[in-house]
Amino acid sequence: MHELTPLLKFAEGNLQIATLVFMASVYVLKIRWILSFPAGRDRQTPAGASNAKRGAAFSLLMIAMPWTLASFRQHSLRYAQFVVFHLGVLLSIVMSLLIPYAPRLIHAPQVVLGLQVAFGMAALAGLFRLVRRISDRSMRAISSPDDYFSICLLIVWLVSSAIAAPNHPESGQLALLAYFCLTAFFLVYVPFSKISHYLYYPFARWYLGRTLGHRGVYPLVRDHAR
Amino acid sequence: MHEKVNRQAMLSLEACVHCGACTDQCHYVLANPDDPTYSPAYKGDQIRKLFKAHIDWTGKIAPWWVGAKSIYTDKELEELMDTVFGKCTNCRRCSLVCPMGVDLASFNRMARGLLVHVGVMPAGVAAVAKDQWELGNQMGVLKEEYLETLSWMEEELEEEYTGLHIPVDKAGADVLYAINPREVKYDPRTIAEAAAIFHLAGENWTMSSEGWDMTNFGLFNGDDDLGAVAAGRLYDAAQRLGAKKVVISECGHGFRSTRCEGPNWAKQDIGVPMESSIFTMLDYVRDGRIQVDPARNSEPVTYHDPCNLARSCGITEEPRELLRAVCSDFREMVPNRAENFCCTGGGGAMSMSEYAPRRLKSASIKAEQLRATGAKVVVTACHNCVDALVDLIRHYKLDMQVKLLVNLVSNAMVK
């Protein structure tokens, strides 16, 4: 095993732990903040054959059922980009934990290649999303500096993930150092940016689904004949 | 804003990632593809920036970074009014296609409420809300006018239906029938048709002399207090008369306000069951309490799902079952049910004449949907939709009539 430089050792270990603790702390505060708003109660008697729990479950799973959302059904390529992009991000998060703590799990060349393909495709999907945000007038109108910065940062991070995936410190530690420094920056930046949308997602979908399930709207009934 | 933002609204304000999935799902955008200010996410941001500036701490730390901005001038207030009243019918289509579950329609209504609270609203909205506050209904119908109309309809039906009576304030009736003031003002035949249906079904029913209006402008102008008072009048009538059930005539927003939102606004659990007249008529047909002949409605018919019924109350299948029972040629329009496009009359749009050209332009989407069906009759279950559809059919020169379900059921009835 090649000896890591103290800087890389710190970046892989204590820096990640410190920034993870920081992110978790901010998330705890954020969840407390969410819960400090009173939850509206739907007093109407239930309607239809559904119920609040069924509606909430359907609402949470809609993201995995693109046929239930017209916006995804009509733009299947965008849905594919969404899946590839988020899968790449998830794999990179997992890799940031595996490299320091269980490197053997991603040691096999096939696994490394698989990861690199996933990161490369995710970066490409991110690039498409960035181009759409810049070139489409209606996307520009709704984009904030945070929107542009977040997507750029994620593309760079995914590229650095692809380069760092082989985890070969003996052939140069710069790639790993860049990857872990970027990861650390992410962990600090994410709670303050739109990237933390995954924290809101379950809550937002749960409450919408609960209401619409109680009212018999969810699960949606579609005209399957057309 | 602090008082109005509950957890659901807060999450909708926070969760938008500006993915643009909602953009081409809005009828305003589809009719105005070159104007990005119609995009639901853009409209949402006009409200979101206030939330970010006043409530969200990220907006306080780095306002320019997250797009936080308060309102400082009258012009900015007017712009917000233009967005929330004039560029959105609160149809909720964008809410149902949002991958994140952002309910724009709900917080657009909240923003309307904030503006109404500071006296900024279109003149038509102010006038209608005033009528509902002061006279108990949206159309300024006086009690005498209402009762005279009921008597008039009873007289009209006397020859055809022996012993038909429109009961008023009958205690202990099985059904209290609540209507839209538009029926009194412009379309009293729907009252007569409903009365004939109740009569033939042998229903023990009544109407109320007070609290008879099931419409509720509080849903449109975002004023929960008005919503609570307007719905409360009907709940009081049901309680006073000891009615076993409230039946709400065909009206999308009226049904939603009375059945779904009213108890929330009034902060009161309502003990009396409430149902749309669609269900009542369907039950009569299913149970054989009325006999219908679909051959009597032989023209090709399509159904327009009112937004409030389909996207907020889950009523999509019952009107179709009823239509198939009373019509011989029913055709679906595409898209339909919860994915149907708004008639453009939602959110109180019919009371805001200043936005009529904009509304009619956006109605081109609905017009195309209607045209593609080849139907001669478009049926809906909402008086607002009737007015908006009549308007767009005239504007786009479609060869179609607009009818309510009660018209068709009544016409199909075998006496």
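Below, read A as the first sequence line, B as the second, and so on, with proteins coming before strands; counting in each chain starts at 1.
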Search all heavy atoms of [X] against all heavy atoms of [Y] and return the closest pair with its distance.
{"X": "A/Tyr179", "Y": "A/Ser161", "result": "CE1-OG, 3.3 Å"}
{"X": "A/Ile163", "Y": "A/Ala175", "result": "CG2-CB, 3.6 Å"}
{"X": "A/Lys30", "Y": "B/Trp57", "result": "CE-CZ2, 3.7 Å"}

Whether [Y] and [X] form a salt bridge (side-chain N of Lys/Arg under 4.0 Å from carboxylate O of Asp/Glu) is what I want to check.
{"X": "B/Arg259", "Y": "B/Glu275", "value": "no"}
{"X": "B/Arg109", "Y": "B/Asp224", "value": "yes"}
{"X": "B/Arg93", "Y": "B/Glu339", "value": "no"}
{"X": "B/Arg320", "Y": "B/Asp305", "value": "yes"}

In terms of heavy-atom proximity below 4.5 Å to chain B, should [X] be classed as side chain, backbone, both, or neither?
{"X": "A/Ile63", "answer": "side chain"}
{"X": "A/Asp147", "answer": "side chain"}
{"X": "A/Phe82", "answer": "neither"}
{"X": "A/Ser59", "answer": "neither"}
{"X": "A/Pro46", "answer": "backbone"}

Please state whether the side chain, the backbone, both or neither of [X] comes within less than 4.5 Å of a heavy atom of chain A.
{"X": "B/Arg92", "result": "side chain"}
{"X": "B/Gln25", "result": "side chain"}
{"X": "B/Glu317", "result": "side chain"}
{"X": "B/Asn340", "result": "neither"}
{"X": "B/Met10", "result": "side chain"}
{"X": "B/Thr58", "result": "side chain"}
{"X": "B/Thr37", "result": "neither"}

Select, from [options], the one with the greatest count of heavy-atom pairs under 4.5 Å involving chain A.
{"options": "B/Val29, B/Asp34, B/Val102", "value": "B/Asp34"}
{"options": "B/Asp35, B/Ile270, B/Asn6, B/Thr23", "value": "B/Asn6"}
{"options": "B/Ala338, B/Cys313, B/Ala266, B/Ser106", "value": "B/Cys313"}
{"options": "B/Ala9, B/Cys19, B/Ala62", "value": "B/Cys19"}
{"options": "B/Gly262, B/Cys98, B/Gly44, B/Cys16", "value": "B/Cys98"}
{"options": "B/Asp45, B/Asp269, B/Ile315", "value": "B/Asp269"}

Parallel, tilted or perpendicular, as decided by the 30° and 60° cut-offs, for the rings of B/Phe51 and A/Phe37: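 Rings of A/Phe37 and B/Phe51: tilted, 30 to 60°.
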Geometric class of the A/Phe149/A/Tyr189 ring pair [parallel <30°, tilted 30-60°, perpendicular >60°]: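 Perpendicular: the ring planes of A/Tyr189 and A/Phe149 meet at over 60°.
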Set of residues satisfying side chain to side chain contact (heavy atoms under 4.5 Å, CB included) with respect to B/Ala238, sequence neighbours excluded: B/Leu176, B/Val246, B/Val272
Geometric cation-pi criterion B/Lys87 and B/Tyr28, 6.0 Å radius, 45° cone: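 Cation-pi check for B/Lys87 and B/Tyr28: fails.
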Enclosure of B/Lys60 NZ (heavy-atom neighbours >12, cutoff 6.0 Å):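 Yes, NZ of B/Lys60 has more than 12 neighbouring heavy atoms, counting only those of other groups under 6.0 Å.
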Test log, rule side-chain contact (heavy atoms from CB on, under 4.5 Å), inputs B/Tyr303 and B/Asn336: CA-CA 8 Å; B/Tyr303 179 68; B/Asn336 53 52; over 6 Å; no
Among [options], which has the most heavy-atom pairs under 4.5 Å with chain B?
{"options": "A/Arg140, A/Arg78, A/Arg129, A/Arg132", "answer": "A/Arg132"}
{"options": "A/Ala39, A/Ala141, A/Ser50", "answer": "A/Ala39"}
{"options": "A/His75, A/Gln44, A/Arg43, A/Arg215", "answer": "A/Arg43"}
{"options": "A/Gly216, A/Ser144, A/Pro202, A/Pro38", "answer": "A/Pro38"}
{"options": "A/Arg73, A/Arg205, A/His214, A/Arg210", "answer": "A/Arg205"}
{"options": "A/Leu199, A/Asp136, A/Leu208", "answer": "A/Leu208"}

Among B/Leu13, B/Val5, B/Leu50, the one residue meeting side-chain contact (heavy atoms from CB on, under 4.5 Å) with B/Ile55: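 Result for side-chain contact (heavy atoms from CB on, under 4.5 Å) with B/Ile55: B/Val5.
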